[in-house]
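Here is the structure we will look at.
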Amino acid sequence: MSKKLLLLAATAAMGMSTATAYADTLDDVVAKGYIDCGVTEGVAGFSFPDENNNWTGLEVDYCRALAAAIFDDPDAARYTPLTSTARFESLSNGNVDVLSRTTTWTMSRDTDLGISFVGTMFYDGQGFIVREADGITSALELDGAAMCIESGTTTELNAADYFAANNITVDTVVFVTRDEVTQAYLDGRCDAYTTDSSAIAAERTLFPDPGAHIILPEIISKEPLGPVVRAGDTRWFNVARWTYFALLNAEELGVTQANVDDMLGSDNPEIMRLLGVEGDFGGPIGLTADWAYRIIKHVGNYGELYERHVGENTPLNIPRGLNALWTDGGIQYAPPIR
């Protein structure tokens, strides 16, 4: 019994140590003057560098929104590209402050890795891409195909489940990085490539001949993609979560980057609370009263981010669908600020 009690005490102490090791992330971020943001190695529309290593995308703008809330400067962020296999370790080790990198929210990740998902920035699902010349029109026709897959992702497990359930045999070819997967497919080493449908749409825009490739109609999984922080730091988690919620609430209330200054004079109580005109909702989490105003002024609302990077007027041309607000038939929904 005494050994058991000692083991429990030691385990509790280790848990407390882990929980408090990064319990002052906001203070650390403020002290160094910028946020370390873990991103993809390059997915158009989500996190992608130009020739000057300037990063843009939906997930990059989330990091810029965090920087705006904290520093009133969206450029107070640095970006670290991470592979799927390295991303969680890099976050846990403190190499990055937040992971904003097309990461699927699953139970095991949320409960086993010492991390916490902030919310769902993009509701997605796994799909397939093939060459139009091969005449394949459905994933059910992929029996015997060579399939390119990135390791360390939910993609592998989803594909295995789908093919097993449909008695389909494929030759899986696994690579460490997304670039390796894409290049192998383009080089003809694989007949098909599977990953999140948004990533497929993004990759296809960069192909030498995008029209020679088709995305199959099947969506075989739920892929709620969202930012991730280390578990055990409640204040930093709240800063990260409410930055996401502020983007959604701003869109729902019609507050945009263009009209946010005019909205400071609104007599709508919800808008007044959002912009810090009434009440101080930033103070309890270590931010200024106008934290959400800063986000909207510098970055915009969720709808503006979406249309800027992945919407129907971009090369990706992804309809809002589930990512529309709940008031417009989607499932994007934020708790109220009050």
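Reckoned from all heavy atoms, side chains included, excluding hydrogens, waters and symmetry mates.
- Atom CD1 in I129 sits 8.5 Å away from atom CD1 in I214 (nearest 0.5 Å).
- Partner of Y302 under the side-chain hydrogen bond (donor to acceptor under 3.5 Å, both in side chains) criterion, out of Q332, E252, E307: Q332 alone.
- A donor-acceptor pair is defined here as one N or O able to donate and one able to accept, closer than 3.5 Å; such a pair exists between the side chain of T40 and the backbone of S47.
- Counting heavy atoms from C-beta on, the side chains of V310 and S198 never come closer than 4.5 Å.
- The environment of F207 atom CZ is dense: over 12 non-hydrogen atoms of other residues, nucleotides or ligands sit within 6.0 angstrom.
- The pair D72-K297 does not count as a salt bridge, with every side-chain nitrogen at least 4.0 angstrom from each carboxylate oxygen.
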Step by step, would you call T194 with Q126 a side-chain hydrogen bond (donor to acceptor under 3.5 Å, both in side chains)?
CA-CA 7 Å; T194 181; Q126 185 172 327; 2.8 Å; yes
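- Applying side-chain contact (heavy atoms from CB on, under 4.5 Å) to Y193 and the options E203, M147, R204 leaves one that passes, E203.
- If you take OG1 on T56 and CG on N54, they are separated by 8.5 Å, rounding to the nearest 0.5 Å.
- The cluster map of Ile, Leu, Val, Met, Phe, Trp and Tyr, joined by side-chain heavy atoms under 4.5 Å apart, puts V173 and L216 in different clusters.
- Across D28, V30, D24, a single residue satisfies side-chain contact (heavy atoms from CB on, under 4.5 Å) together with L26, and that is V30.
- In terms of modelled atom types and a separation under 3.5 Å, the side chain of N259 and the main chain of T256 share a donor-acceptor contact.
- Rounding to the nearest 0.5 Å gives a distance of 12.0 Å between CG of L99 and CG of D36.
- Using a 4.5 Å heavy-atom threshold, the side chains of L225 and M121 count as separate.
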Candidate pair I296 and L274, rule side-chain contact (heavy atoms from CB on, under 4.5 Å), full reasoning:
CA-CA 10 Å; I296 303 160; L274 173 70; 3.9 Å; yes
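- Side-chain atoms of D261 and Y293, non-hydrogen and from C-beta on, do get closer than 4.5 Å to each other.
- Of all the heavy atoms in P81 and W55, the pair that sits closest is CB-CH2, 4.0 Å.
- There is a path of hydrophobic side-chain contacts, each under 4.5 Å, that joins I271 to F245.
- Between atom CG of residue D196 and atom CD of residue E223 there is a gap of 5.0 Å, rounded to the nearest 0.5 Å.
- Looking at heavy atoms from C-beta onward, S151 lies in side-chain contact with T85 at the 4.5 angstrom threshold.
- In this structure, N313 places its CG atom where only 12 or fewer heavy-atom neighbours from other residues, nucleotides or ligands lie under 6.0 Å away.
- Grouping Ile, Leu, Val, Met, Phe, Trp and Tyr residues whose side-chain heavy atoms lie under 4.5 Å apart, directly or via other members, places L322 in a hydrophobic cluster with Y123, I331.
- Checked by atom type and distance alone, the side chain of S90 never pairs as donor or acceptor with a backbone atom of A86 at under 3.5 Å.
- The heavy-atom pair separating T243 from A65 by the smallest distance is CG2-CB, 3.7 Å.
- Separating the OH atom in Y333 from the CG atom in N249 is a distance of 9.5 Å, to the nearest 0.5 Å.
- Less than 6.0 angstrom separates the ring centroid of H213 from the ring centroid of Y185.
- Residues P224 and T104 meet the side-chain proximity criterion, which asks for heavy atoms closer than 4.5 Å.
- Annotation: side chain of L140 is in contact with side chain of Y162 (closest heavy-atom distance under 4.5 Å).
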Could you go through the side-chain hydrogen bond (donor to acceptor under 3.5 Å, both in side chains) check for T103 and R87 one step at a time?
CA-CA 9 Å; T103 299; R87 55 186 162 175; 3.3 Å; yes
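- W105 is connected to L82 through a chain of hydrophobic side-chain contacts under 4.5 Å among Ile, Leu, Val, Met, Phe, Trp and Tyr, so both are in one cluster.
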Evaluate side-chain contact (heavy atoms from CB on, under 4.5 Å) for V277 paired with L264, printing each intermediate quantity in order.
CA-CA 7 Å; V277 175; L264 288 171; 4.0 Å; yes
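- Residue pairs meeting the salt bridge (Lys or Arg N to Asp or Glu O under 4.0 Å) criterion with at least one partner in residues 37-63, sequence neighbours excluded, are D61-R64, D61-R308.
- The salt bridge (Lys or Arg N to Asp or Glu O under 4.0 Å) pairs that include a residue from residues 310-321 are E251-R320, where partners are two or more places apart or lie in different chains.
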Can you check side-chain contact (heavy atoms from CB on, under 4.5 Å) on T154 and R109, steps first, answer last?
CA-CA 10 Å; T154 55; R109 288 174 175 178; 3.6 Å; yes
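- Across every non-hydrogen atom of V43 and A202, the tightest pair is CG1-CB, 3.8 Å.
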Could you walk me through whether D179 and T177 satisfy the side-chain hydrogen bond (donor to acceptor under 3.5 Å, both in side chains) test, starting with their C-alpha distance in whole Å, then the side-chain angles of each, then the deciding distance to 0.1 Å, before giving a yes or no?
CA-CA 5 Å; D179 286 345; T177 70; 5.5 Å; no
Carefully, step by step, assess E218 and L142 under the rule side-chain contact (heavy atoms from CB on, under 4.5 Å).
CA-CA 12 Å; E218 286 83 4; L142 289 171; over 6 Å; no
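- Nearest heavy-atom pair across I35 and C63 is CD1-O, 4.2 Å.
- A pairwise comparison of heavy atoms in Y244 and G119 identifies CE2-CA, 3.8 Å as the closest pair.
- Summarising the geometry of V255 relative to V260, their closest heavy-atom pair is CG1-CG2, 3.9 Å, with the distance given to 0.1 Å.
- Between D124 and S197, some side-chain heavy-atom pair lies under the 4.5 Å cut-off.
- To the nearest 0.5 angstrom, F46 atom CZ is 4.0 Å from F122 atom CZ.
- When hydrophobic clusters are built by joining Ile, Leu, Val, Met, Phe, Trp and Tyr residues whose side-chain heavy atoms come closer than 4.5 Å, directly or via intermediates, L287 is grouped together with F237.
- Proximity of W291 to W242: side-chain heavy atoms (C-beta onward) are separated by under 4.5 Å at one or more points.
- Side-chain heavy atoms closer than 4.5 Å link hydrophobic residues (I, L, V, M, F, W, Y) into clusters, and following such links, possibly through other members, connects F128 to I149.
- Exactly one residue among V98, T25, D97 makes a side-chain contact (heavy atoms from CB on, under 4.5 Å) with V229. That residue is V98.
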